[in-house]
Visitor: 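Sharing a structure here in structure tokens format.
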Amino acid sequence: MAALPSRRDVLRATGLLAAAGAVSGSLSGCAEQLQSGFTGTAPSADVLTYWNLLGGGDGVRMQEMEGVYRKQRPGVDLRAVTLTWGNPYYTKLSLATLGAQPPDVAISHLTRVPTLVSAGLLQPFAPEDLARHGMSKDKFVQRAIERATIDGRIYAIPLDTHPFVMFYNTKICKQAGLLADDGSLKPLDSEDALVEALHKAKEVTKSWGGAVASVADVATPWRFFFSLYGQLGGKLLMGTSPEEILEPDKAIRAAKLMRRLTVEEKVMPPNIDYGGAIAQFANGRSGFFFQGEWEISTFKDAKMPFSMTRFPNLMGGTYAVQADSHTFVLPSKEPYERARLDLVLGFVRSMLDQSMTWAEGGHVPSWLPVQQSEKYRALKPQSNYVGAAESAVYDPPAWYSGSGSNFEMVAGSALGGVLSGRTQPEAAIRQIQVGISKMARTPAPV
Amino acid sequence: MGTSTVAPETTANSGAGQRRQGRPVLAGLAFLAPFLLLYTLFLIGPSVYGLVMSFFNTSLVKGGLGSFAGLSNYAAAFGDPQFWSSLWHTAWFTILTTPPLVILALVFALLADRAKKGRWFFRLAFFAPYVLPSAVVALIWNWVYTPDLGLLADVVTRLGLTPPVWLGDPNWAMISVALTTVWWTLGFNFVLYLAGLQDIPRELYEAASIDGATPWQQITRITVPLLGRTTTLVAVLQVIASLKVFDQIYLMTSGGPDFATRPTIQYIYDVGFTDYRVGYGSAVSMLLFAVILVVSLVWFALVRRQERDA
């Protein structure tokens, strides 16, 4: 029976097919129209999506800068999203770009840029496009823009340099006789000078001379070590075997100084976490504090007498200090259309022009028109360490390196052990050589 | 199953009979087709693809499978202390959560079942947390665990004890997450037990009380043995669910402090998505799959045997 389908069956089947086709068609081809149809918003060419990972005081200042941009460009619908700092941020940025739904512009640490570039997730900035918006290469801190240039193409526009710095309590240092007549800190540019100063400060505070985080924080021991290692002119990642990960002689010398400060001279606490080190300094239980300059807001809020200067040149070589930079990148697998690119570049330029606001959070502006202005020079103590920007050493480029990366975890845990006295300098350096060599020998996924 | 009820049991060899037999099978398949299609598309397909990827150096950001790796991904996983510690964290979480989630669910189900008035309220009270999304649970408990000013710190201080840093202390973090999980997912097992309790004939209790059995004897001699099948189900489902832990840990501690709570699934997420090493991540996934399969089968066999012996 019923060998032939009835007319009704045929009609029903055709209808289903047509409906299925319509649904799949609209999902793939015209998702945007569909969305604007549902939400009632007109698809606008002037929507600018912007992702960043800036929390705390930085987040507040960035929102302030976004507010100024919105006033400057009322026609642009700026949609700024702040995501969790560190690996989760870069994971989301990568997956969104792979899924062809990236933001128009995003913040990236400069040390993360090489990995994103080799993964093919970033678009370069063409010099003529930058010139159109008055951003030529010579208007940036050279150290930062050079690091952002890969194979001759600029992949990131640096907003700042955030170096490792030295905080000091002006009241304690004055009592300890460490201040010059003009109220600034006398130079501490040698290993012994620093140790002596820390001893003097310790006599005043009756507890510690200085403080640096060593427990449950891998980044800080790394920043401290890498600054010293950079001053010795040490190289990193010359190859993949343990002997080529770093130069053992120089690395051990740097690690020995770290051990000297906490274990041998006992001028810094050996077991203290990030928050604990801050509390030591904020409560006047230590005269010095070593950390990235961003902690300026914490001590300003604590209303304590303090100042900041560049991390001293302890090793006697060419001055160097560990740093990273916040940069603007174009996350996309496809080149930008002219209109969209101009929108982004206009936004970036507005952010750069507001570098004074950004600098209040401690960061050294990369945008020279601001950095070299009188107004910035008058900004104290921020402008004390402006020179650090051109002496910055950045984490070496590798798929497993960069701020908050596996590289910092391996190296920082070993070095935290040195500060705590758990690990001897030689053993810690060996641990780093073996651990990083293992990552270096893993086939690069990018 | 659907097909067998529709298909008439026929032994007729006539042509008409064969046609009639053929059609219901087709109809059954047609009914199953949407499910089979989705199942193949979203479960079997990706699993096979994952298995294939585990033998290659596949990258998230490069097209294709990448270079052939043979068993080196598996060898790398076995040689990586981070993999082993994450596996231990998953196991530790399972050990911490499974007994309370089975025993407490039974106890609360017994209590709620015995309540004469307001039984609906107790059922709702125990089941309510289960319907919350993990993000909400994590948010609530992050506040409860806040040092110094959190609810729990306050309670513990009033008892005259010094509260630990619940989520910040490597020794306490997993226990704190386990406590949250018990509160959150107890309701599911609780409902299964309630259903099991309702299947026990009331006459048994009646007969037992006529024979002079105390309520406690009724529970140990009638209720618990007759709930054996439910206990098997609850225990197996619970072990599997605990071995798959990810979201509440990711949301509450991100695997920290110092990786003290990172479970295997987060390790897979970290290497596969953050480090772009999907090939290696797939190999670890396959290992976790094997572990869950073996643990579940062994556990199932043990519980079944116990049930038979009882």
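Since the structure is predicted, the reported quantities are computational estimates derived from the model, not experimental observations. Residue numbers start from 1 in every chain, and the chains themselves are labelled A, B, ... in the order their sequence lines are given, proteins ahead of strands.
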Visitor: I'd like to check B:Tyr276 versus A:Leu98 (side-chain heavy atoms, cut-off strictly below 4.5 Å). Are they in contact?
Guide: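 Side-chain contact under 4.5 Å: no.
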Visitor: Please indicate whether A:Arg441 has more than 12 foreign heavy atoms, meaning atoms of other residues, nucleotides or ligands, lying under 6.0 Å from its CZ.
Guide: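 Enclosed.
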Visitor: Need one label for B:Asp275: side chain, backbone, both or neither, based on atoms under 4.5 Å from any heavy atom in chain A.
Guide: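 Answer is both: backbone and side chain atoms of B:Asp275 are under 4.5 Å from chain A.
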Visitor: Please state whether the side chain, the backbone, both or neither of B:Asp80 comes within less than 4.5 Å of a heavy atom of chain A.
Guide: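 Both the backbone and the side chain of B:Asp80 come within 4.5 Å of chain A.
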Visitor: Can you say whether B:Tyr280 sits under 4.5 Å from chain A via the side chain, the backbone, both, or neither, judging by heavy atoms?
Guide: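 Contact with chain A involves no heavy atom of B:Tyr280 at all.
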Visitor: Which atoms of A:Lys333 come close to chain B, meaning under 4.5 Å heavy atom to heavy atom: side chain ones, backbone ones, both, or neither?
Guide: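 Side chain only.
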Visitor: Heavy-atom distance under 4.5 Å between the side chains of B:Arg277 and A:Trp399, does that happen here?
Guide: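 When only atoms from C-beta onward are counted, A:Trp399 and B:Arg277 do touch, with a gap below 4.5 Å.
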Visitor: Identify which part of A:Thr442 has an atom lying under 4.5 Å from any heavy atom of chain B, answering side chain, backbone, both or neither.
Guide: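 For A:Thr442, the contact with chain B is made by the side chain alone.
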Visitor: So with a 6.0 Å cut-off around CG of A:Asp151, is the heavy-atom count from everything else above 12?
Guide: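 Open: at most 12 neighbouring heavy atoms sit under 6.0 Å from CG of A:Asp151.
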Visitor: Please name the pair of heavy atoms, one in B:Lys62 and one in A:Pro445, separated by the smallest distance, quoted to 0.1 Å.
Guide: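 That closest heavy-atom pairing would be CE-O, 3.8 Å.
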Visitor: Heavy-atom distance under 4.5 Å to chain B: side chain of A:Asn406, backbone, both or neither?
Guide: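 It is the side chain, since no backbone atom gets that close.
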Visitor: Would you mind telling me which of A:Leu95, A:Leu121, A:Thr97 makes a side chain to side chain contact (heavy atoms under 4.5 Å, CB included) with B:Val61?
Guide: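 With B:Val61 as partner, A:Leu95, A:Leu121, A:Thr97 yield a single side chain to side chain contact (heavy atoms under 4.5 Å, CB included), made by A:Leu121.
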Visitor: What are the two closest heavy atoms between B:Pro81 and A:Lys438, and how far apart are they?
Guide: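 In this case the closest contact between B:Pro81 and A:Lys438 is CD-NZ, 4.0 Å.
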Visitor: Using a 4.5 angstrom heavy-atom cutoff, name the option from A:Val446, A:Asp273, A:Asn87 with the most pairs to chain B.
Guide: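 Ranked by heavy-atom pairs under 4.5 Å with chain B, first place is A:Val446.
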Visitor: So which bits of residues 37-53 of chain B come within less than 4.5 Å of chain A, counting non-hydrogen atoms only?
Guide: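 Those residues of residues 37-53 of chain B which would need a heavy atom under 4.5 Å from chain A do not exist here.
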